[in-house]
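Here is the structure we will look at.
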Amino acid sequence: MASRAPVANKDWLGLKRELPRRRQLLLTILSFVLPLGLWAFVSYVPFVWRPLVHITSAGDVDYFSEGMDVPRADFESENAKMRAQKMEPAKGCRVNPVYLAPPGAVAKAFYTAFKTPPRLPNEPWLHESLGHSISTIFWGFFISSLLGVPLGVLSGTYRFFARLQEPFIEFFRYLPAPAFGALCVAILGIDDGPKIAIIFIGTFFQQVLVIANTVRKVDPALVEAAQTLGASNWKLLWRVIIPASITDIYTDMRILLGWAWTYLIVAEVVGAMSGITYFINQQARYRNFPNVYAAIVMIGIIGFSMDFFFAWLGGLLFPWKRKARVGKKKRAWMPAFDPKPASVAVEI
Amino acid sequence: MLSELKLPDYREQAPEVAARFRRIKERPIILSVRRLQKTFGADDAGHVALSDVSIDVHRREFICVIGPSGCGKSTLIRIVAGLDEATGGEVLLDGHEVCGPGRDRGMVFQGYTLFPWLTVKRNVMFGLQMGGDSHSTAEAEARQWLDMVGLSKFEDSYPHELSGGMKQRVAIARALANNPRILIMDEPFGALDAQTRCQMQAYLLQIWKKVDVTILFITHDLDEAAYLADRILVLGTNPGRVVEFIENPVPRPRSAAQFISPEYLALKKRLEDVIHPQVESAEEEKLPMVKLTDAGDEVE
């Protein structure tokens with residue numbers, strides 16, 4: 001009889017079965033390497049795509065000039081005409097469109113974008129743009145949370161508040177935040193005020209509903225247990241409902257922060273364009289596409305690492321959620337029971 | 001099998017058992033449920049969960065409540081705990097009507113319900129602090145109770161690090177730390193495996209011996225009821241009502257050896273009879289006609 005290897009080691013596609021650590025790591029790396037590889041493949045390997053021809057010498061073609069990118073079909077047909085008329089055909093090499101910046105150039109742009117001073121004296125540096133964006137997000141999200149979290153908790157705890165505010169919020173949440181752009185500018189001017197307001201509008205209403213829902217999901221048995229132990233009203237709210245839902249609220253906040261980032265781009269075109277959106281727009285205007293990609297990827301990296309940071313912070317803040325680390329569960333063996341006389345003992 | 005045995009009447013009590021019940025009856029009545037009524041839904045069309053339930057419980061009695069599912073045993077104890085409101089009748093604790101949950105009635109639930117964000121020690125301290133004890137007083141008290149249930153070593157663990165039996169011991173310590181008049185337990189060992197369950201039953205009796213508390217214990221396990229209870233309250237369905245309040249004839253201290261004693265078997269038979277009356281004949285009639293081939297024992 002052949003001894004059977006553990007199934008987990010053979011099976012890459014085990015249904016709902018966790019993979020071994022090394023495979024997890026390998027797949028994580030692959031999930032980034034594969035798209036990158038595809039990008040590099042299209043960018044660097046000739047004849048994969050390259051739909052344009054970069055003119056190196058115009059020959060006798062009237063409207064071609066050196067340094068111009070023309071579609072391949074036009075290039076071929078013009079050159080055929082030239083040859084038919086015994087004139088000099090244009091020369092060029094096949095290239096990808098300028099908006100497909102190769103990974104190498106983008107990687108370089110990561111470095112140079114921070115080092116290159118802006119073209120115009122009043123334009124911000126990349127890091128200034130990023131800083132501006134982050135502070136816009138921060139204030140929008142902060143003000144929203146300052147109001148949204150308490151309202152959500154109240155709404156999830158007391159039917160009174162739920163009935164009072166949720167119908168209106170439910171309605172308001174369908175109004176797209178960008179629709180308020182013009183109004184916000186009229187009220188708050190063209191600087192950061194309307195931008196923060198857009199992020200607030202985009203976040204706040206969802207936040208109240210999402211958090212109310214999370215608080216409503218607190219196990220009623222925990223509340224009842226606390227009641228039989230003598231907790232009531234505010235103590236019940238402070239000592240049971242909030243701690244019982246705080247980890248889920250925290251997770252909600254992480255997700256909501258992600259949404260706030262999507263509102264950022266909308267917010268930044270309201271009024272005077274600013275922040276990372278302004279940077280991206282300017283760079284696209286200069287046809288400096290590696291910088292455009294670099295800035296977009298930068299947003300991804302900032303969002304991703306913020307989420308990572310908050311996940312790590314969550315582990316520190318909520319030690320009871322730190323389930324036994326991977327693998328063996330730390331579980332104490334039930335100790336022998338040796339009842340000792342307690343102070344409350346009475347004779348039977 | 002049980003019916004073929006020659007069993008004593010379950011109401012016959014050995015002299016020491018009879019003496020114990022006499023002593024219990026001399027104690028004051030701690031909990032009195034009077035003509036309790038509970039209807040769910042609209043008044044006339046509603047489902048009657050409890051109809052005219054009246055019981056008296058003496059101080060330091062151990063009462064088990066059994067009955068088929070849907071007999072309203074959970075409803076009854078939830079009303080006693082103050083978590084549900086009765087539609088009629090009253091519940092008196094020490095002569096005062098209860099309204100709403102309170103510290104005088106501790107509760108242990110089947111689902112443990114420990115607060116996952118608090119350590120074991122802080123779970124036990126919770127009720128004490130709700131009662132206004134300072135941190136240090138509550139801490140000292142909680143330590144004593146954890147010592148009592150044998151979990152001192154785990155005072156700084158979080159509930160998720162404990163096994164089911166240990167969690168339930170913490171829950172018991174947490175409920176008892178409040179010094180309640182009665183301890184209400186809703187199938188507390190229902191989620192535990194058979195072995196841990198036996199262990200926990202023994203623990204519970206040992207704890208009860210040391211603490212001045214009356215216990216109201218719901219179970220659907222007849223053996224558990226027979227092992228733990230002084231008196232067993234049997235509820236019936238449709239509507240939920242008291243069928244019988246049986247005095248347990250098995251002498252204390254109890255042990256597993258008694259599971260084959262005549263008193264135990266007599267009690268068990270009586271419980272079987274009142275809980276599943278004429279189950280066999282009824283079941284047989286209802287069996288659907290299914291084509292079955294009699295394969296016998298042979299397998300090819």
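Within a 6.0 Å radius of CZ in A:F138, more than 12 heavy atoms belonging to other residues, nucleotides or ligands are found. Under a cut-off of 6.0 angstrom, the local environment of CD in B:E16 is crowded, with over 12 non-hydrogen atoms contributed by other residues, nucleotides or ligands. Counting heavy atoms of neighbouring residues, nucleotides and ligands inside a 6.0 Å radius, atom CH2 of A:W261 exceeds 12 of them.
Under a 3.5 Å cut-off, the side chain of B:H160 and the backbone N or O of A:K321 do not form any donor-acceptor pair.
The two residues B:T113 and A:L222 come nearest to each other via the heavy atoms O-CD2, 3.6 Å. Residues A:P319 and B:Y158 share a closest heavy-atom pair of CG-OH, 3.2 Å. In plain terms, the two heavy atoms of B:W117 and A:V240 that are nearest each other are CH2-O, 3.5 Å.
Across B:I184, B:T119, B:D104, B:N178, the residue that shares the most heavy-atom pairs under 4.5 angstrom with chain A is B:N178. By number of non-hydrogen pairs under 4.5 angstrom with chain A, the leading residue of B:M130, B:R174, B:R23 is B:M130.
For B:L118, no part lies under 4.5 angstrom from a heavy atom of chain A. For chain A, the nearby part of B:A175 is the backbone; its heavy atoms alone come within less than 4.5 Å.
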TODO: Step by step, work out the side-chain contact (heavy atoms from CB on, under 4.5 Å) result for B:R105 and A:T228.
DONE: CA-CA 7 Å; B:R105 282 149 293 141; A:T228 63; over 6 Å; no
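Between atom CE of residue B:M107 and atom CD of residue A:E224 there is a gap of 7.0 Å, rounded to the nearest 0.5 Å.
Counting heavy atoms from C-beta outward, A:P243 and B:F115 have side chains that stay 4.5 Å or more apart. Within the 4.5 Å cutoff, the side chain of A:L229 has no heavy atoms near those of the B:R103 side chain. Within the 4.5 Å cutoff, side-chain heavy atoms of B:Q129 are placed close to those of A:R239.
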